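Here is the structure we will look at.
A note on names: the letters A, B, ... follow the listed sequences, proteins ahead of strands, and every chain is numbered from 1. Values in this document were obtained by computation on a predicted structure and should not be read as measured data. We use all heavy atoms of the structure for the numbers below, so side chains are in, but hydrogens, waters and symmetry mates are not.
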Amino acid sequence: MYRHWLEFEKPVEEIEKKIEELRSYQTEGGSRTADEIAKLEKKAKNLLKEVYAKLTPSQVTQVARHPDRPYTMDYIQNMFEDFIELHGDRCFKDDPAIVGGVARLDGQPVVVMGQQKGRNTKEKVYRNFGMPHPEGYRKALRLMRLAERFNRPVFTFIDTPGAYPGIGAEERGQSEAIATNLMVMSSLKVPIITTVIGEGGSGGALAIGVADRVLMLEFSTYSVISPEGCAAILWKDGSKADLAAKALKIDAAELLKLGVIDKIVKEPVGGAHRDPQTAYKSLKTVLISQLKELNVHTREDLVELRYNKFRNMGVFSEPKRY
Amino acid sequence: MIWFKKDILSNGEESKSVKVPFGLWVKCDHCGEIIYKKEVERNLDVCPKCNYHFRISARSRINILVDEGTFKEFDANVEPVDALDFKDLKKYKDRIKSSQKESGLKDAMVSGEGLINGQKAMLAVFEFSFMGGSMGSVVGEKITRAVERGIDNKCGVIVFSSSGGARMQESILSLMQMAKTSAALARLREAGLPYISVVTDPTMGGVTASFAMLGDIIIAEPRALVGFAGPRVIAETIRQKLPEGFQRAEYLLEHGMIDMIVERKLMKDTLSRLLAMLTEKQN
């Protein structure tokens with residue numbers, strides 16, 4: 001089977017190659033080859049587990065950006081039923097880098113949205129590599145307001161390198177679009193659950209991320225700037241991205257410690273892309289239980305709790321004056 | 001052909017090599033004129049030749065703006081903490097220390113209340129010289145408190161931005177300040193109180209993409225650079241020349257992103273008139 005192997009997965013790749021080779025002989029080999037294959041498969045799985053148990057932050061970044069990783073549409077189509085996509089910001093155009101619409105989760109009507117990356121070159125360009133323009137944020141905003149009007153919970157999925165640095169995006173006010181989303185989300189009177197499924201790139205990610213619950217898939221990242229961008233500015237050398245990734249503390253475990261996210265959702269061994277069905281199933285279970293927890297609160301309490309959650313973010317000291 | 005070269009290059013570039021005598025004279029960053037420093041200071045740090053607005057400190061900004069003797073500073077002892085143990089080429093701890101020493105401030109913001117031609121307002125003013133006016137937890141907290149005080153005291157809030165954006169040394173915590181400040185402004189809006197955002201040179205990144213663009217009224221100083229992505233990053237991404245005046249105040253006004261451009265000497269008057277018109281009780 002063809003897969004994009006990452007550099008640090010090399011030892012596993014070698015075993016899997018061997019397995020494939022054995023398989024091609026299997027018709028003649030009989031049970032001895034089958035035993036051998038089973039043994040190797042077990043070895044490969046253990047090795048994979050070992051490798052993924054101690055990924056460095058820059059390796060996590062690679063997994064988060066893996067070309068086979070499930071994207072927003074994959075999650076929507078496999079966790080929700082009856083998805084109807086809605087388009088356009090009613091101002092300028094439809095931004096394919098953010099998708100959204102209405103759907104059902106476990107039978108209950110909800111609103112879903114998220115940044116969408118493309119799988120092949122043509123689609124990547126069409127989706128602008130998951131980098132939204134102002135129209136994308138405004139479409140998301142329109143859907144959130146729709147959710148509020150009809151009292152439907154909102155599920156957002158974050159997977160973007162960040163906002164698009166382009167002339168049109170600036171001219172049409174991407175700052176204003178992001179800022180307005182932050183403001184409106186902070187007081188939206190329905191439950192909001194955000195999941196970072198891949199890359200959580202800066203303001204472009206946060207623009208759909210002011211939520212009652214912020215979840216992160218185990219091998220996703222969330223950061224104020226890409227490690228490459230940070231390295232270019234602070235180290236004045238883009239190749240120092242490894243150092244920047246470490247310093248920025250962009251992986252789920254660190255962010256949980258900082259109190260910026262609420263929960264880490266486990267991924268299958270070797271990442272969501274190796275076993276997408278399991279990934280969909282486990283995230284779906286978490287989403288359902290999280291929503292149940294939020295539904296306990298009145299809408300007013302929900303907004304109050306959300307406000308306090310973000311109000312308390314940040315670390316500073318305030319020594320008393322004498 | 002050497003003697004042609006000088007002429008070709010002398011469209012302002014050449015004048016950069018002029019040695020400026022230390023102390024008494026300053027060179028305008030825009031027109032390149034050498035001007036008597038006192039004359040610039042008397043002119044509110046605006047070039048008397050070309051009207052270029054120099055970047056000014058938070059303290060001078062407040063002096064220009066607030067009625068004499070009415071400014072009361074708040075939260076002056078809120079200090080940054082190196083929560084991530086961040087180190088790039090220098091330790092964040094050391095950057096904080098040296099910036100504090102140079103500026104005499106704890107972080108990149110001075111906030112408080114004061115009267116502007118008799119109109120009470122909460123003020124939060126960026127200090128650009130402190131780590132490029134970058135927004136970390138302290139800046140986010142001080143802005144949020146200023147907004148909350150506005151709600152408690154039933155008065156308007158004015159933020160003067162001048163910032164390179166989020167402070168990378170505080171990583172995700174600085175990103176979250178965008179959400180925190182915007183959430184506070186949602187409450188101010190609900191309370192029916194005005195928020196005026198003044199963007200000065202430069203206002204970029206996460207600062208622009210949160211409170212700076214959320215003003216009921218947004219005012220810019222002439223020629224201020226205001227945007228989300230930096231011009232260099234955009235030029236590198238799209239591999240095109242950027243349009244003339246891109247991301248400058250005048251360009252933003254033309255594209256409908258700000259309400260007006262106001263010169264420094266008219267700022268106080270404009271703000272007090274706006275505050276009055278938005279807050280005055282009707283009979």
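Contact count versus chain A (heavy atoms, under 4.5 Å) is highest, among B/Arg167, B/Lys90, B/Gln177, for B/Gln177. The residue among B/Glu170, B/Gln247, B/Gln240, B/Glu254 with the most heavy atom pairs within less than 4.5 Å of chain A is B/Gln247. By number of non-hydrogen pairs under 4.5 angstrom with chain A, the leading residue of B/Leu173, B/Thr144, B/Ile238, B/Ile234 is B/Ile234. Per-residue heavy-atom pair counts under 4.5 Å with chain A were compared for B/Gly205, B/Pro80, B/Ala179, B/Gly206, and the maximum is reached by B/Ala179. Heavy-atom pairs under 4.5 Å with chain A peak, among B/Val233, B/Thr237, B/Leu214, at B/Leu214. No other option in A/Leu206, A/Leu234, A/Asn181 has as many heavy-atom pairs under 4.5 Å with chain B as A/Leu234. Among B/Val226, B/Leu89, B/Leu242, the residue making the largest number of heavy-atom pairs under 4.5 Å with chain A is B/Leu89.
The structure places CZ of A/Phe310 at 12.0 Å from OG1 of B/Thr181, a figure rounded to the nearest 0.5 Å. Taking CG of B/Asp82 as the reference point, atom OG of A/Ser317 lies at 12.0 Å (rounded to 0.5 Å). Of the inter-residue distances, the one linking B/Ser210 atom OG with A/Met183 atom CE reads 10.5 Å to the nearest 0.5 angstrom. Summarising the geometry, atom NZ belonging to B/Lys87 is positioned 10.0 Å from atom NZ belonging to A/Lys246; distances are rounded to the nearest 0.5 Å.
Two residues are said to be in side-chain contact when any heavy atoms from C-beta on lie closer than 4.5 Å; A/Lys249 and B/Phe86 fail this criterion. Between A/Phe316 and B/Glu79 there is no side-chain heavy-atom pair separated by less than 4.5 Å. Taking the side chain as every heavy atom from C-beta outward, B/Met168 and A/Ile233 approach each other to under 4.5 Å. Side-chain contact between A/Val224 and B/Ile172 is absent, with no heavy atoms from C-beta onward closer than 4.5 Å.
Annotation for A/Val260 and B/Met176: closest pair CG1-CE, 3.5 Å, computed over non-hydrogen atoms. Looking at every heavy atom in both residues, A/Ser186 comes nearest to B/Ser182 through OG-O, 4.4 Å.
A donor-acceptor pair under 3.5 Å is formed between the side chain of A/Glu170 and the backbone N or O of B/Phe228. Within the 3.5 Å criterion, the main-chain N or O of A/Met313 finds a donor-acceptor partner in the side chain of B/Lys180. No donor-acceptor pair under 3.5 Å is formed between the side chain of B/Asp88 and the backbone N or O of A/Trp235. At distances below 3.5 Å, at least one donor-acceptor pair connects side-chain atoms of B/Ser171 with backbone N or O atoms of A/Leu248.
Using a 4.5 Å cut-off between heavy atoms, A/Tyr222 touches chain B through backbone and side chain atoms alike. Interface remark: A/Arg172 contributes backbone atoms only to the contact with chain B (heavy atom separation under 4.5 Å). When heavy atoms are compared at a cutoff of 4.5 Å, A/Val315 approaches chain B by way of both its backbone and its side chain. Proximity to chain A is limited to the side chain of B/Glu148, based on heavy atoms less than 4.5 angstrom apart. If you measure heavy-atom distances from B/Tyr92 to chain A, you find no contacts under 4.5 Å at all. Contact of A/Ser187 with chain B is made through the side chain alone, with heavy-atom distances under 4.5 Å. Residue A/Ile225 touches chain B through its side chain alone, counting heavy-atom pairs closer than 4.5 Å. Both the backbone and the side chain of A/Ile167 come within less than 4.5 Å of a heavy atom in chain B. For A/Glu176, the parts sitting under 4.5 Å from any heavy atom of chain B are the backbone and the side chain alike. Looking at B/Arg187, only its side chain comes within 4.5 Å of chain A, counting heavy atoms on both sides. Interface remark: B/Ala184 contributes backbone and side-chain atoms alike to the contact with chain A (heavy atom separation under 4.5 Å). Interface remark: B/Thr208 contributes backbone and side-chain atoms alike to the contact with chain A (heavy atom separation under 4.5 Å). For B/Glu236, no part lies under 4.5 angstrom from a heavy atom of chain A.
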(request) Determine, step by step, whether B/Arg145 and A/Glu318 satisfy the salt bridge (charged side-chain N to carboxylate O under 4.0 Å, His left out) criterion, reporting the C-alpha distance in whole Å, the side-chain angles of both residues, the deciding distance to 0.1 Å, and the verdict. (result) CA-CA 13 Å; B/Arg145 287 189 191 179; A/Glu318 195 172 8; 2.8 Å; yes
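Within a 6.0 Å sphere centred on NZ of B/Lys142, other residues, nucleotides and ligands contribute more than 12 heavy atoms. No more than 12 heavy atoms of other residues, nucleotides or ligands lie within 6.0 Å of NZ in B/Lys154, so this atom counts as exposed by the packing criterion.
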